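Below is one structure, written out as structure tokens; the observations come after it.
This one's a predicted model, so the numbers in the text were calculated from it and none came from an experiment. Sequence lines set the chain letters: A, B, ... in the order given, protein chains first and strands last, and positions in each chain run from 1.
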Amino acid sequence: MFAVESSNVEKIIREFTSIHGLPDIPVQWNWIPFSGHWGLSTSLFALAAADARARNEKKNIPDYAINLADQLAKYLGTPPGFEKVEAVKGYVNLYFSTVEYAQRVIDSVIGQKANFGRAARKQEQIMVEFSQPNTHKSFHVGHLRSAILGDTLSRILDFAGYDVIRANYPGDMGLHVIKWLWCYINFHANEKPDKDITQWMGAVYAEASQRLEQNPLLESEIRALYKRWDERDPELVKLWEETREWSLQGFYQIYEALDIHFDRYYFNSQMEIPGKEIVQDLINKKIAIDERPDGAVIVKIDEILGLTKEKFRVFVALRSDGTALYATEDLALARQKFLDYPDLKLSLYIVDVRQSLHFQQVFKTLEIAGYEWAKKCEHIPYELVNLPGNVVMASREGTVVLLEDLMREATQRAYEVVQQKNPDLSEEKKLATAKAVGIGAIKYPMQSRENAKIVTFDWETALDFNGQAAPYIQYAFVRAGSILRKAGGTFDQSVTPEYEMTSQEIELVDVLSRFPREVERAAAEYRTLQIANYAYDLARKFNDFYTQCPVLYVDEPVKNARLRLVMATRQTIANSLTLLGITAPEAM
RNA sequence: GCCCCUGUAGCUCAAUGGACAGAGCACCGGACUUCUAAUCCGAUGGUUGAGGGUUCGAGUCCCCCCAGGGGCGCCA
């Protein structure tokens, strides 16, 4: 946002280094890290060290840097746009002309509204595959992380200028489905509940697992059923189609409730046959070794690459009985994406970390097979959502928290608070607020954490709406809206804040100005955390301002300037919440 | 055995290689006649798992340990 000013100063710095015969090294800009100081900062240590090296002299670098900083600060004087330049401990701090810049930032936000922070279109396509729920199983809190990370990342990438294609890849065929069908045929024929269907699907699957565990001899029945599927037995296919639809309808409802949408659905059942074709091709090309019927079809990747250390190991591409594995299907899926979207710049897979080796194998095998796009495939791993005591959520163990239960509890809890805080709201608004708060509270913890860190789910934390959580941010938005509503009017006229701004105001404007850069970084590093933390930071700065700076009860010109600051803040909170897929309610 | 991840305040987590390692929760003490107290203010809390190295500068990069978690031929 201050590119013109910083590059202007960079030019002066280059003059300075050239006059003194110092090395020409790139200038690194930071924010001045102390609260209440708004401006740009750079350190002279790197320059001092580089110069000492170039002259081959032993120097006390910190002293030299302090010296250089003093000289540079003097040389810079006060460049246009800044009101003060200071050398501090080897750093040079340039303080913005507060009034002028505050006006610029606020005007920029209010002028661009929902587009503040949005980058220009890059004309580049990125596919983000996420969620991959298994049909015929329950949808639990563990499945939520991929869905939320993928959705949020898609929103961020879109905002950062990419054309995002959101792909879902439900697991609608595989051993788990065969087990489910076996259990249904034998113990639940013709049943279908009229509500909580996803939950019921999950219960039947858990029952199937249990029965098989108790009597391992039944495995042969499963194999026989898989064979029937592979031969596309019409009766079985019909039952599969029907029951699969039950699961899918349940998923669509969940996505709707979470405000998560997809452009494209791929199903792994569609990838079985093309996957087998690719495997045959790998065999023909002597990349894969067909050990059937005694063994599977495998690719000895390390051997092909001539690696001495184990890295990609042995990739199993097809079962010994010729039925497809997930691996088989992933080969075809990767190709299908590029057949459908030949211009994809990147094909991202938001899948949990346990499958890292699997994806390395798939992508490397495709690369070996000569598919050039294989290098554009990238796995974005994330850690699991566990239960306290590091217990993994697993449908077959029954150690799960169902998503439906969590959403119901969270919205219920939120409703109780609204009821208590704001009894006069219409029932409709209370429900809408409860939903916004409940869903936001569920999403935020998954976004505000490093992907590589495990999320431990416990009810108490999940339903705690205080502190660093979505409701805090939503509340700041509500407070801002409330001030504007009471003030009335639109405040469209740009105003120069002709008064001594408080540190709370300056810090708030500072945070506002950082939003575009945060978006850029979040997109470049696939970090939803960046935006989640930013939104919280912004809300916190607004709350500081709110408690310290009266808006409606001050005289002009302060009032009008503050109203515009409130307006800009409300807009930026809204924009960051939109990126997080969290609804900003009007009242709470 | 090989590979990957994690280790920061009592707990959960932050911190583009940069200045004084910050938040929330919990605990203790305060603030509603004032723009919504789902808020705010204050206090307490640290050998960043250990040790080396690189660097002007390391929580961050490299090496080696320790601890925990995960992956490693027909599960997904």
Please write out each protein N/O paired with an N/O of nucleotides 20-24 of chain B under 3.5 Å, distance rounded to 0.1 Å.
residue	atom	partner	partner atom	Å
B:A23	O2'	A:Tyr536	OH	3.4
B:G24	O2'	A:Gln468	N	3.4

Which pairs, protein N/O on one side and nucleotides 68-71 of chain B N/O on the other, fall under 3.5 Å?
residue	atom	partner	partner atom	Å
B:G71	N2	A:Arg313	NH2	3.3

Strictly under 3.5 Å: I want the nitrogen or oxygen pairs between protein and nucleotides 6-8 of chain B, one per line.
residue	atom	partner	partner atom	Å
B:G7	OP1	A:Lys453	NZ	3.1

Could I get a table of every N or O pair under 3.5 Å where one atom is in the protein and the other is in nucleotides 27-33 of chain B?
none

What N/O pairs connect the protein and nucleotides 55-62 of chain B at under 3.5 Å? Give each pair on its own line.
residue	atom	partner	partner atom	Å
B:C56	OP1	A:Arg53	NH1	3.0

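Atom C1' of B:C72 sits at a distance of 38 Å from the matching atom of B:A9, rounded to the whole Å. Spacing between B:U48 and B:A58 at atom P, rounded to whole Å, works out to 13 Å. As rounded to the nearest Å, B:U60 and B:G17 have P atoms that lie 11 Å from one another. Taking the P atom of each, B:G57 and B:C20 are spaced 15 Å apart, rounded to whole Å. B:U12 and B:G7: their P atoms are spaced 12 Å apart (whole Å). On the P atoms, B:G10 is 22 Å away from B:A67, given to the nearest whole Å. Here the separation of B:G70 from B:C27, taken at their P atoms, is 32 Å to the nearest Å. Comparing the P positions of B:C75 and B:A14 gives a spacing of 36 Å, expressed to the nearest Å.
Judged as a salt bridge (Lys or Arg N to Asp or Glu O under 4.0 Å), the pairs with a partner in residues 541-560 of chain A (not counting sequence neighbours) are, in order, A:Glu507-A:Lys541. Annotation: salt bridge (Lys or Arg N to Asp or Glu O under 4.0 Å) contacts involving residues 129-138 of chain A, sequence neighbours excluded, comprise A:Glu129-A:Lys337. Applying the side-chain hydrogen bond (donor to acceptor under 3.5 Å, both in side chains) definition to pairs two or more places apart or across chains, those involving residues 55-70 of chain A are A:Asp51-A:Arg55, A:Asp51-A:Tyr64, A:Asn60-A:Asp63, A:Asn67-A:Gln71.
Contacts between residues 323-332 of chain A and RNA chain B, defined by a heavy-atom separation below 4.0 Å, involve A:Leu325, A:Tyr326, listed by number.
Relative to the side chain of A:Ala587, the nucleotides B:U36, B:C75, B:G18 differ in distance, and B:U36 lies closest. Ranking B:G18, B:C40, B:U36 by closeness to the A:Ser43 side chain, first place goes to B:G18. Out of B:U36, B:U39, B:G18, the shortest distance to the side chain of A:Tyr91 is found at B:G18. Each of B:C35, B:A37, B:C74 was ranked by its minimum atom distance to the side chain of A:Val551; first place goes to B:C35. Side-chain proximity of A:Lys309 to the nucleotides B:C2, B:U39, B:A76 is greatest for B:C2. The side chain of A:Tyr553 lies closest to B:U34 when the candidates are B:U36, B:C41, B:U34.
Phosphate contact (OP1/OP2 of B:U36, side-chain N/O of A:Arg479, threshold under 4.0 Å): absent. Remark: A:Arg319 is in phosphate contact with B:A76, judged by side-chain N or O atoms under 4.0 Å from OP1 or OP2.
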Could you list the donor-acceptor pairs under 3.5 angstrom formed between side-chain atoms of residues 513-520 of chain A and any protein atom two or more places apart in sequence or on another chain?
residue	atom	partner	partner atom	Å
A:Ser513	OG	A:Asp510	O	2.7
A:Arg514	NH2	A:Asp537	OD2	3.4
A:Glu518	OE1	A:Gln530	NE2	2.9

Check: residues 442-453 of chain A side-chain donor-acceptor pairs under 3.5 Å, at least two apart:
residue	atom	partner	partner atom	Å
A:Lys443	NZ	A:Leu258	O	2.7
A:Lys443	NZ	A:Gly581	O	2.7
A:Tyr444	OH	A:Ala532	O	2.6
A:Gln447	NE2	A:Thr152	OG1	2.9
A:Gln447	NE2	A:Leu580	O	2.8
A:Ser448	OG	A:Tyr444	O	3.1
A:Glu450	OE2	A:Arg527	NH1	2.9

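At the heavy-atom level, A:Trp29 lies under 4.0 Å from base atoms of the strands shown.
Atom OG1 in A:Thr42 sits 7.0 Å away from atom CD in A:Gln28 (nearest 0.5 Å).
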Quiz item: With Watson-Crick and G-U wobble geometry limited to distances under 3.5 Å, how should the secondary structure of RNA chain B be encoded in dot-bracket form, using | for bases paired to another strand and [ ] for crossing pairs?
Solution: (((((((..((((....[...))))..((((.......))))......(.(((..]....))).))))))))....
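With the nearest nucleotide of RNA chain B identified for both A:Asp321 and A:Gln530, A:Gln530 has the one nearer the 5' end.
Residue side chain A:Ser320 reaches the base of B:C74 through a donor-acceptor N/O pair under 3.5 Å, judged by distance alone.
Syn is the glycosidic conformation of B:G73, whose angle stays within 90° of 0.
A:Glu460 has its CD atom 14 Å from the P atom of B:U12, to the nearest Å.
Side chain of A:Ser209 to backbone of A:Tyr205: a donor-acceptor contact under 3.5 angstrom is found.
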